[in-house]
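Working notes for the structure below.
What you are looking at is a predicted structure, and each value in this text was computed from that prediction instead of being measured.
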Amino acid sequence: MDIFSYSWLVFVMTGFGTLFLIGEILVNMRGLFGLLGLGFIVVYFSAYLETGSFIIMLIIYFVGILLIIIDGKLLNDGTLSTLGLASMLISVALAAPNLTSGLYGVAGVLVGGFSSLLFLKVFKRRAMWSKLTLKDRLTNEAGYNSMSKEYKKLLGREGITLNALRPVGTIRIDHQDYSAISNGQWIDKGKSIRVIQVDGTRILVETID
């Protein structure tokens with residue numbers, strides 16, 4: 001009997017694949033987790049799909065991984081990570097040979113993805129996740145408190161964009177330059193903006209009509 005006919009094996013392959021791939025994003029393992037995760041995922045897709053479909057579903061899966069990486073590096077608000085997770089779930093579900101296997105695949109991605117967070121307690125995490133994990137100590141010595149108070153004063157102030165916010169860019173308020181983010185919209189260079197929210201050193205702006 002073909003070993004890949006066992007539905008539970010789908011859970012194992014997608015679970016370990018996602019566990020190690022997301023783990024590689026979260027912690028610095030010098031590519032070891034990445035290779036392990038890639039191996040599991042490639043075996044999964046190649047076992048159930050023809051060459052053409054295999055490539056398409058593999059691309060969809062890794063687009064999901066890419067969205068998670070972009071979220072971690074730029075936004076840190078979870079929006080792209082959610083879309084990335086959805087992309088991964090769709091790819092493994094469509095690649096499954098039957099409904100039962102598809103459910104196992106979806107469960108594997110979810111369990112593997114959330115289990116990868118345990119790596120943060122053991123291994124050195126990557127710097128891009130410091131905002132989400134609050135690893136940095138927000139101490140007076142680090143200058144965070146004084147900086148946060150300064151940024152709070154910007155709430156409601158008006159300024160201008162020095163470059164396009166897509167959605168992250170640079171703004172100028174009272175001859176001072178700040179990094180800011182728009183509320184999911186692209187704002188062109190030279191537009192008048194208003195600060196509508198300040199969270200620590202994160203400045204959220206909107207255009208002024």
As a quick check of understanding, evaluate side-chain contact (heavy atoms from CB on, under 4.5 Å) for Tyr104 and Leu9, giving each step before the final call. CA-CA 8 Å; Tyr104 272 116; Leu9 192 60; over 6 Å; no
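- With values rounded to the nearest 0.5 angstrom, Ile203 atom CD1 is found 12.0 Å from Ile196 atom CD1.
- By the 4.5 Å heavy-atom criterion applied to side chains, Phe45 and Val92 are counted as neighbours.
- Taking a 6.0 Å sphere around CD of Gln185, one finds it holds more than 12 heavy atoms contributed by other residues, nucleotides or ligands.
- A donor-acceptor contact shorter than 3.5 Å links the side chain of Ser87 to the backbone of Ile60.
- When side chains are defined from C-beta on, Thr161 does not count as touching Asp188, because their heavy atoms never get closer than 4.5 Å.
- Minimum interatomic distance between Leu21 and Ile65 (heavy atoms only, all atoms of both residues): CB-CD1, 4.2 Å.
- Within 6.0 Å of OH in Tyr48 there are more than 12 heavy atoms belonging to other residues, nucleotides or ligands.
- Of the possible polar contacts, none joining the Ser101 side chain to the Pro97 backbone as a donor-acceptor pair under 3.5 Å is found.
- Taken to the nearest 0.5 Å, the CG atom of Leu19 stands 10.0 Å off from the CG atom of Leu117.
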Are Glu158 and Ile208 close enough, and set up right, to give a side-chain contact (heavy atoms from CB on, under 4.5 Å), and what steps lead you there? CA-CA 8 Å; Glu158 297 180 1; Ile208 301 175; 3.5 Å; yes
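- Of all heavy-atom pairs spanning Arg30 and Glu24, the tightest one is N-OE2, 3.8 Å.
- Linking Ile, Leu, Val, Met, Phe, Trp and Tyr whenever their side-chain heavy atoms come within less than 4.5 Å leaves Leu103 and Ile41 in two separate clusters.
- Taking both residues in full, the closest heavy atoms of Ser182 and Ile187 are given as CB-CD1, 3.7 Å, listed atom of the first, atom of the second, then distance.
- In this structure the side chain of Phe62 reaches within 4.5 angstrom of the side chain of Leu38, judged on heavy atoms.
- Proximity of a side-chain donor or acceptor of Asn183 to a complementary backbone N or O of Leu204 within less than 3.5 Å is not detected.
- Hydrophobic clustering, with ILVMFWY side chains joined whenever heavy atoms are under 4.5 angstrom apart, keeps Val10 apart from Leu99.
- Within a 6.0 Å sphere centred on CZ of Phe123, heavy atoms belonging to other residues, nucleotides or ligands number more than 12.
- Scanning all heavy atoms of the two residues, the minimum distance from Gly64 to Met88 falls at CA-CG, 4.0 Å.
- Residues Leu83 and Trp186 fall into different hydrophobic clusters, defined by Ile, Leu, Val, Met, Phe, Trp and Tyr side chains chained together at heavy-atom separations under 4.5 Å.
- Using modelled atom types, one finds no donor on one side chain facing an acceptor on the other under 3.5 Å when comparing Ser7 with Thr100.
- In this structure, the side chains of Ile181 and Val205 stay at 4.5 Å or more apart for every pair of heavy atoms.
- Of all heavy-atom pairs spanning Ile25 and Ile69, the tightest one is CD1-CG1, 3.6 Å.
- Under the 4.5 Å side-chain heavy-atom criterion for ILVMFWY residues, a single connected hydrophobic cluster contains both Ile55 and Tyr44.
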Decide side-chain hydrogen bond (donor to acceptor under 3.5 Å, both in side chains) for Thr14 and Tyr61; before the verdict, give the C-alpha distance in whole Å, the side-chain angles of both, and the deciding distance to 0.1 Å. CA-CA 11 Å; Thr14 58; Tyr61 182 90; over 6 Å; no
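- No chain of hydrophobic side-chain contacts below 4.5 Å, direct or via other Ile, Leu, Val, Met, Phe, Trp or Tyr residues, connects Phe40 to Leu118.
- Considering CG of Leu155 and CZ of Arg194, their distance stands at 10.5 Å, rounded to 0.5 Å.
- Contact check for Ile68 versus Ile22: side-chain heavy atoms found under the 4.5 Å cut-off.
- Side-chain contact between Met13 and Val43: present, with at least one pair of heavy atoms (C-beta onward) separated by less than 4.5 Å.
- Remark: side-chain polar atoms of Ser53 are not paired, donor with acceptor, to backbone N or O of Glu50 under 3.5 angstrom.
- Met57 is listed as a side-chain neighbour of Leu49, based on a closest heavy-atom distance under 4.5 Å.
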Hey, mind stepping through Ile171 and Leu162 against side-chain contact (heavy atoms from CB on, under 4.5 Å) and telling me if it holds? CA-CA 5 Å; Ile171 62 172; Leu162 297 183; 6.0 Å; no
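- Residues Leu110 and Leu85 are in side-chain contact: their nearest non-hydrogen atoms beyond the backbone lie under 4.5 Å apart.
- Just one of Thr170, Thr201, Val168, Leu165 meets the side chain to side chain contact (heavy atoms under 4.5 Å, CB included) condition when paired with Ser179; it is Val168.
- Residues Ser116 and Gly23 share a closest heavy-atom pair of CB-N, 3.8 Å.
- Side chain of Asp199 to backbone of Arg202: no donor-acceptor contact under 3.5 angstrom is found.
- Arg172 contributes atom CZ, which lies 9.0 Å from atom CD1 of Ile160 (distance to the nearest 0.5 angstrom).
- Interatomic distance, CZ of Phe119 versus CZ of Phe20, reported as 5.5 Å (0.5 Å rounding).
- Taking the six-membered ring where tryptophan is involved, the planes of Tyr178 and Tyr151 are perpendicular, since the angle between them exceeds 60° and thus also 30°.
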